[in-house]
Number of protein chains: 2
Amino acid sequence: MESEITTEQKIMDAAEHVFLDEGFSGARMQHIADRAGINKAMLHYYFRSKDKLFELVFRHKMKQFVPQIEAALNEANMTFIEKIDRFVLAYLTMLQKNPRLPIFILSTIHRNPELANSIDIKLGAEIIRLMEIEIKEGRIKKVDTHQFMLTLVGMCLFPFIARPIFSKTFDLTPKQYDQLLAERRVHAVQYARAILIGE
Amino acid sequence: MESEITTEQKIMDAAEHVFLDEGFSGARMQHIADRAGINKAMLHYYFRSKDKLFELVFRHKMKQFVPQIEAALNEANMTFIEKIDRFVLAYLTMLQKNPRLPIFILSTIHRNPELANSIDIKLGAEIIRLMEIEIKEGRIKKVDTHQFMLTLVGMCLFPFIARPIFSKTFDLTPKQYDQLLAERRVHAVQYARAILIGE
DNA sequence: AAGTGATTTAACCAAATGGTTGAGGCAAAG
DNA sequence: CTTTGCCTCAACCATTTGGTTAAATCACTT
């Protein structure tokens, strides 16, 4: 059986949790060690420093931040709207499992803008490419691709980023807010259809 | 002449700047003192502790976070879409002047959700109230008010929150991104019109 | 000019925090 | 059994950081 979790993995899991909750400067090495159920010295044994450990966690999370279905968008025999729907669905599904990911990535980059450059990631670039083709061939309206993507991605991410404040503003229970999130897909696709086709 | 800036005010200004840049746990009292051009002890003389100082800054910024035009939405003789336009314009204008405000508020609340409760603020509540009336009287389509507000507010905030990552994704210069922000108003109102009226 | 209360400063302190060390444990190889 | 190389730990260290203190200075009143 190779199913036992290595110490290294236990540390990474704990580090992810703590860094996502507290951010880099709010996180404590002791806290990570406690959570991993090991001695603090082991953190440094496996990952030299807090910076190094954080960088690993950040890179790992950054990859998750970009939906992995972009490749699938090319093969399938779908209309553009259907592809949008797939994109939104995949993104929302991932976010349900990683609700704290967006604010972690964005606030980290906010405080350290170079990090955006250090990792080569183009969020939604494939959708934009497809969109330009659709426009050229006259199948959808002429819409600013950047504005559109910003809105589409924002529609997925923002409800997670702003959850605490909107829970209160709308006066919703956690269950009700989850319901709102579940219905987000429909609203996003409705937006896309209204803007791109106009029906 | 009462135009001279008090020490208290100098501290507040410096504290706002540093807390907005670094967040609570990333900010250093020494850094704030340096920036205010005073001794570190004075911070504690005027504002007992880091927590107290932060709370003041946070409350102050939290008020800014909610557009102050909500009252104006009632008096004026405008269509609902025009009111939306006003709301978006006012919000975007404020954000241009305070581009770091959204991520500060949202990441702070993320790490300390009780703060959302400690301050009584309903972001966009007035729009929702008006929207319900419009729907009841059949002047706009039946649209989920929460979904709509989440999108509308997100359309204003998200471009500021995600600026670093989208600058890179879209490969835009700062000037080009500012241009994108300037055109945001039109796109947001276009969304509202498409969803609420369908034209 | 002397007194009074608010303001400012340098020096200091205790706790927290990231990081290190050296000794020991433990499993596989010889 | 002993060696070897990886793993684990308690104790320790240096620095940073929020916070304090006591003396000095300033502004204003009497």
Side-chain angles (χ1 to χ4, degrees), chain A residues 1-61 104 107-108 110-112 114-115 118, chain B residues 1-61 104 107-108 110-112 114-115 118:
Chain A
M1 300 291 164
E2 259 303 324
S3 68
E4 58 187 79
I5 306 127
T6 65
T7 301
E8 209 170 331
Q9 192 54 51
K10 276 195 285 182
I11 295 174
M12 275 299 284
D13 290 349
E16 284 193 10
H17 190 102
V18 173
F19 279 133
L20 257 78
D21 265 21
E22 317 283 354
F24 176 77
S25 45
R28 298 288 162 250
M29 294 298 267
Q30 187 62 59
H31 189 173
I32 295 174
D34 291 348
R35 203 185 167 85
I38 48 130
N39 191 287
K40 181 166 68 97
M42 306 218 41
L43 298 184
H44 294 93
Y45 176 75
Y46 281 99
F47 309 88
R48 280 190 67 77
S49 70
K50 187 182 181 183
D51 294 73
K52 290 266 188 359
L53 179 55
F54 182 79
E55 205 192 316
L56 280 180
V57 169
F58 181 75
R59 293 192 109 86
H60 182 221
K61 286 295 162 186
F104 169 71
S107 67
T108 298
H110 169 79
R111 261 146 222 165
N112 215 337
E114 317 88 77
L115 286 176
S118 72
Chain B
M1 301 292 162
E2 260 303 325
S3 68
E4 58 186 80
I5 306 127
T6 65
T7 301
E8 208 170 331
Q9 193 54 52
K10 278 195 286 183
I11 294 174
M12 275 299 284
D13 291 348
E16 284 193 10
H17 189 102
V18 173
F19 279 134
L20 258 79
D21 264 22
E22 316 284 353
F24 176 77
S25 46
R28 298 286 162 252
M29 294 298 267
Q30 187 61 59
H31 189 174
I32 295 174
D34 292 347
R35 202 184 168 86
I38 49 129
N39 190 288
K40 182 168 66 99
M42 307 220 38
L43 297 185
H44 294 92
Y45 177 74
Y46 281 100
F47 310 88
R48 281 189 66 78
S49 70
K50 186 182 182 183
D51 294 74
K52 289 264 189 359
L53 180 55
F54 182 79
E55 205 192 315
L56 281 180
V57 169
F58 182 75
R59 293 192 107 86
H60 181 221
K61 288 294 162 186
F104 169 72
S107 67
T108 299
H110 168 79
R111 261 147 222 164
N112 216 336
E114 316 88 76
L115 286 177
S118 72

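Numbered from 1 within each chain, the chains take letters A, B, ... in sequence-line order. Bear in mind the structure is a predicted one, so any value in this text is a computation, not a measurement.
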Check for me whether the distance between the ring centres of F54(A) and F19(A) falls short of 6.0 Å.
yes
| Does R28(A) have a side-chain nitrogen or oxygen under 4.0 Å from the phosphate oxygens OP1 or OP2 of dG18(C)? | yes
When rounded to whole Å, the OH to P distance for the pair Y45(B) and dG5(C) reads 13 Å
L43(B) CG to dT7(C) C1', in whole Å, measures 14 Å
The reported gap from CG in D21(A) to CD in E16(A) (rounded to nearest 0.5 angstrom) is 12.0 Å
Ranking dT9(C), dG18(C), dT7(C) by distance to the side chain of I38(B), first place goes to dT9(C)
Out of dT20(D), dC9(D), dC7(D), minimum distance to the side chain of A41(A) belongs to dC9(D)
Of K40(B) and M42(A), the one whose nearest nucleotide on DNA chain D sits closer to the 5' end is M42(A)
In whole angstroms, the gap separating C1' of dG19(D) from CE of M29(B) amounts to 8 Å
Among dG19(C), dC7(D), dG19(D), the one nearest any side-chain atom of K50(A) is dG19(C)
Item checked: Under 3.5 Å: donor-acceptor pair, side chain of K52(B), backbone of H44(B) -> no
note: E8(B), atom CD; dT8(C), atom P; distance rounded to Å ~ 10 Å
Atom CG of D34(B) and atom P of dA10(C) are separated, to the nearest Å, by 12 Å
Just N and O in the side chain of T7(B): are any of them under 4.0 Å from OP1 or OP2 of dT8(C)?
yes
Out of dT20(C), dG19(D), dC7(D), minimum distance to the side chain of Y46(A) belongs to dC7(D)
Rounded to whole Å, CZ of F54(B) lies from C1' of dT17(D) at a distance of 17 Å
Side-chain atoms of N39(A) come closest, of dG19(D), dT8(D), dA10(D), to dA10(D)
From NZ of K10(B) across to C1' of dT8(C) the rounded distance in Å is 11 Å
Side-chain contact check for H44(B): nearest option of dT20(D), dT20(C), dA10(C) is dT20(D)
By nearest-nucleotide position on DNA chain C, the 5'-leaning member of A27(A) and G37(B) is G37(B)
dist I38(A):CD1 -> E8(A):CD (nearest 0.5 Å) comes out at 11.0 Å
In this structure, CG of L53(B) is separated from CE of M12(B) (nearest 0.5 Å) by 6.5 Å
When rounded to whole Å, the CD to C1' distance for the pair Q30(A) and dG19(C) reads 12 Å
